[in-house]
Every structure is written in structure tokens, then in C-alpha cells.
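Chain letters run A, B, ... following the sequence lines, proteins first, then strands; residues in each count from 1.
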Amino acid sequence: MPELPEVETIRGQLDKVLDGKTITEVEVLRAKSFLGDPRILEGKKIREVKRKAKVIEIYFEGAREMVIVHLKMTGQMVYVGGHPTVDWIRELPSKHTRVVWTFKDRAKLFFNDMRVFGWMKIVDLDEYEKGKRRTIPDVIDEGFSTEYLFTVLKRSRKPVKLVLLDQDKIGGIGNIYVNDALFLARINPLRASNSLDDVETKRLHSAVVKVIKLGIKYGGASAADEKFVNVFGLGGTYQKHFLVYQKNGQKCSECGTAIEKIKLGGRGTFYCPNCQV
DNA sequence: TGATATGTTATCTT
DNA sequence: CAAGATAACATATC
């Protein structure tokens with residue numbers, strides 16, 4: 001579901017489309033989905049939309065507050081421009097719409113979230129900027145070096161896949177890209193994190209960066225059961241390039257062995273038992 | 001009907 | 001005490 005590439009796709013589109021827009025109304029259709037007083041946002045003008053790991057950050061002009069959004073598993077941010085068509089109005093808000101922002105030019109931003117795990121939150125700008133989360137490197141940040149990854153991996157005996165998914169250590173990787181990255185690096189997801197040597201760590205580092213960048217290039221992944229759509233309601237195409245994710249039973253592209261599916265930390269895990277050691 | 005899916009966090013167990 | 005394991009959250013789909 002939304003991992004760094006999906007969130008980055010949405011961020012880029014929101015940044016363009018919301019630039020300079022002034023909020024006139026915020027409707028909260030489901031209390032759990034919005035934290036803070038929505039009235040605070042009325043009259044606020046959007047300056048910039050940024051991202052840290054899987055969190056979308058919305059900045060306003062001259063405001064003490066900002067908004068952060070986490071889509072969790074099924075969150076969507078859908079934008080309908082200045083003169084919404086009849087079709088869109090009929091479809092949105094949908095059964096899953098949790099929050100609606102309306103702008104001065106009548107454009108609307110819908111926050112849909114089927115499973116209601118995601119949230120939209122008003123936070124104090126200074127406090128947020130000071131938060132220690134910001135110091136955790138994203139996979140595509142400068143700070144995410146092979147050396148950093150090596151130190152992180154050395155500190156745990158857990159299966160390497162779980163350490164890569166740990167957002168307190170590395171930001172942005174989720175279950176889709178971690179499976180593909182481990183395949184690319186030819187490393188078994190079950191391997192004890194601290195058992196990887198420097199050569200394997202180097203391979204893993206470039207593999208992770210590579211698949212995440214590919215994901216961004218293809219506008220994210222929208223597999224059969226994926227709820228990911230971008231700001232314009234369209235899916236991404238990375239699913240056409242999956243290496244092992246959801247390919248259990250199919251032949252490995254390298255050796256022809258059937259891809260296996262196991263459970264690790266309660267999550268679906270896909271790998272080639274022959275190539276990944 | 002019950003298993004399954006996913007990101008993160010809370011809580012339990014070594 | 002900390003690391004690791006697992007349950008919980010909400011809902012649709014098979």
C-alpha cells in the first residue's frame with residue numbers, strides 16, 4: 001500500500017495542485033480520521049507540500065500550525081479542481097470519504113480511507129520540526145549510506161526483512177518494495193540482520209534505493225488488491241514490474257524456481273528459495 | 001463464516 | 001531492562 005513511492009507521487013501532485021489555495025471549509029465525516037480543531041484551517045493559504053518517510057506535510061503561509069497526513073494502508077487523497085464535474089460530485093464523497101477540504105475556488109480535496117487507520121492531524125509547526133523523527137533517514141536521503149545501513153543491521157538479530165521495515169531506523173520502505181529489494185540483492189528475508197557481511201550490505205543498499213526509485217518513476221504500485229490511487233484518482237504502474245511481490249507459484253525470473261510465500265512478522269513475504277540465500 | 005491483507009503502535013513475553 | 005513477538009486497529013474481499 002502507500003510506501004515512499006506512492007506517498008511521494010501524491011506529494012508531488014498535491015504540491016502543484018494546492019499551491020496558493022485558500023481553505024474555506026473542512027468537513028470531518030469521521031472523527032477518528034482528523035485530529036485537532038478543523039476550524040483552525042479556515043482561511044489558511046497553502047504554501048508547500050512536503051514529505052518525510054510516509055508522512056505528507058502541508059505547510060501554510062504565516063501559520064503556527066501545519067497539517068500532517070498518514071495514509072496507513074488504504075488512505076487516498078483525491079483532488080477535484082475548481083469546477084468539479086457532475087460525475088465527480090456524484091462519486092465523491094464516497095462511503096469511504098473521511099474528510100473534505102473545500103477551497104475558495106470551489107476545488108475540493110477528499111481524504112478517503114476505507115479501513116480508517118490513517119489520519120490527518122493539525123500540529124504545531126515548531127514542535128514538529130523539532131521532532132526526532134526527522135533525523136531518521138529516508139531510503140533516498142543522503143544520510144542513508146551503506147555504512148548507516150551496516151550499523152543498523154548489526155544492531156539486531158531479527159530477520160533482515162523486519163529491520164528494513166522498521167520506520168524508527170529507516171524511513172519509507174514497506175512490504176512491497178522490501179520483498180523486491182531483497183530479491184534484487186539475492187538475500188533471504190529470514191537471514192538474521194546482523195549476519196550480513198559488508199558485501200551483502202552493499203548489495204542490499206543499492207537494491208533498496210533502486211526499487212524505491214523505480215517505484216517513484218512508475219508513480220507507485222496499484223496491484224489487484226491495492227487501494228492506491230494518486231491525487232487524480234489513477235493508479236500507478238510499478239505492479240507491472242514486481243520481481244517477487246505477489247508472485248508466489250510463478251517462476252523466478254533468474255532461475256525458474258517457483259517463488260515461495262511465507263509469513264514473517266504477520267506479513268506476506270515472497271522470495272526465491274534458490275536465488276536468495 | 002473465517003482467513004487474509006496492510007502500517008504502525010500498544011502491549012505482552014521472553 | 002530491552003529485544004523480540006504478537007495483538008490490535010477497521011473493513012472489504014474471497
Side-chain angles (χ1 to χ4, degrees), chain A residues 1-11 28-35 51-57 68-77 91 93-99 111-121 123 128 131-134 136 138-139 151-182 189-195 208 211-212 215 220-229 235-236 238-239 242 244-249 259-270:
Chain A
M1 321 246 120
E3 302 178 29
L4 190 148
E6 287 74 24
V7 178
E8 175 58 21
T9 299
I10 290 173
R11 181 209 66 77
V28 177
L29 280 45
R30 179 94 164 215
K32 190 177 181 289
S33 301
F34 193 98
L35 309 176
R51 176 192 58 74
K52 179 63 190 174
K54 302 174 189 171
V55 175
I56 297 168
E57 308 165 324
I68 54 177
V69 183
H70 200 304
L71 304 171
K72 291 292 179 88
M73 306 190 295
T74 56
Q76 307 175 332
M77 303 274 276
E91 289 171 35
S94 73
K95 184 162 57 150
H96 303 306
T97 302
R98 310 305 180 197
V99 183
F111 174 41
N112 305 326
D113 185 16
M114 185 177 84
R115 284 170 202 155
V116 209
F117 286 6
W119 39 253
M120 209 171 234
K121 194 190 291 193
V123 295
Y128 180 75
K132 79 163 189 177
R133 252 207 142 64
R134 310 210 106 250
I136 300 168
D138 278 16
V139 243
T151 345
V152 163
L153 294 179
K154 276 288 169 231
R155 284 204 300 256
S156 171
R157 277 158 282 152
K158 280 196 281 190
V160 58
K161 186 195 177 203
L162 299 183
V163 177
L164 291 173
L165 287 172
D166 188 341
Q167 301 299 306
D168 292 332
K169 298 190 171 78
I170 306 162
I173 310 175
N175 202 41
I176 295 174
Y177 298 95
V178 74
N179 278 289
D180 278 4
L182 285 164
L190 292 164
R191 279 277 297 285
S193 169
N194 63 358
S195 77
V208 162
V211 294
I212 293 288
S222 308
D225 60 338
E226 299 286 335
K227 298 291 175 259
F228 170 70
V229 294
Y238 180 77
Q239 67 279 6
F242 283 165
V244 288
Y245 185 70
Q246 289 182 341
K247 291 210 168 201
N248 42 321
I259 299 298
E260 276 188 21
K261 178 181 183 183
I262 57 167
K263 261 204 182 209
L264 223 184
R267 298 299 179 256
T269 301
F270 308 83

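- Residue A/T74 is classed as having no contact, given no heavy-atom separation below 4.0 Å to the nucleic acid.
- The phosphate of B/dT9 has neither OP1 nor OP2 within less than 4.0 Å of any side-chain N or O from A/K72.
- With respect to A/R30 and A/D113, no salt bridge is recorded, no charged nitrogen being found less than 4.0 Å from a carboxylate O.
- The shortest non-hydrogen separation linking A/V7 to A/A53 is CG1-O, 4.4 Å.
- An OP1 or OP2 oxygen of B/dT6 is reached within less than 4.0 angstrom by a side-chain nitrogen or oxygen of A/Y245.
- Nucleic acid contact for A/G268: sugar-phosphate only, since backbone atoms but no base atoms lie under 4.0 Å from a heavy atom of the residue.
- Spacing between atom CG of A/D166 and atom P of B/dG7 amounts to 13 Å, rounded to whole angstrom units.
- Taking CE of A/M120 as the start and CG of A/L71 as the end, the distance is 8.5 Å to the nearest 0.5 Å.
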Base, backbone or nothing for each nucleotide of nucleotides 5-14 of chain C, written B, S, -, heavy atoms under 4.0 angstrom, 5' to 3'?
S--BBBBS--
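- Pairs passing the ring-ring contact (aromatic ring centres under 6.0 Å, His included) check and including a residue from residues 160-180 of chain A, sequence neighbours excluded, read A/Y177-A/Y238.
- Remark: A/S94 pairs with A/L92, A/H96, A/T97, A/N112 by the side-chain contact (heavy atoms from CB on, under 4.5 Å) rule, at least two apart or across chains.
- When the P atom is used for both C/dA10 and B/dT11, the distance is 14 Å, rounded to whole Å.
- With sequence neighbours left out, A/K169 forms a salt bridge (charged side-chain N to carboxylate O under 4.0 Å, His left out) with A/D166.
- Between the CD atom of A/E6 and the C1' atom of B/dT6 there is a distance of 12 Å, given to the nearest Å.
- Where DNA chain C pairs in unbroken runs of 3 or more (Watson-Crick or G-U, both distances under 3.5 Å), the stems are B:2-5 with C:11-14, B:7-14 with C:2-9.
- Here the C1' atom of nucleotide B/dT6 and the CD1 atom of A/I173 are 16 Å apart, to the nearest Å.
- Looking at residues two or more places apart in sequence or on another chain, you find no salt bridge (charged side-chain N to carboxylate O under 4.0 Å, His left out) involving A/E260.
- Look at NZ on A/K169: it is 17 Å from P on B/dG7, rounded to the nearest Å.
- In this structure, A/Q167 contributes its side chain and A/I173 its backbone to a donor-acceptor pair below 3.5 Å.
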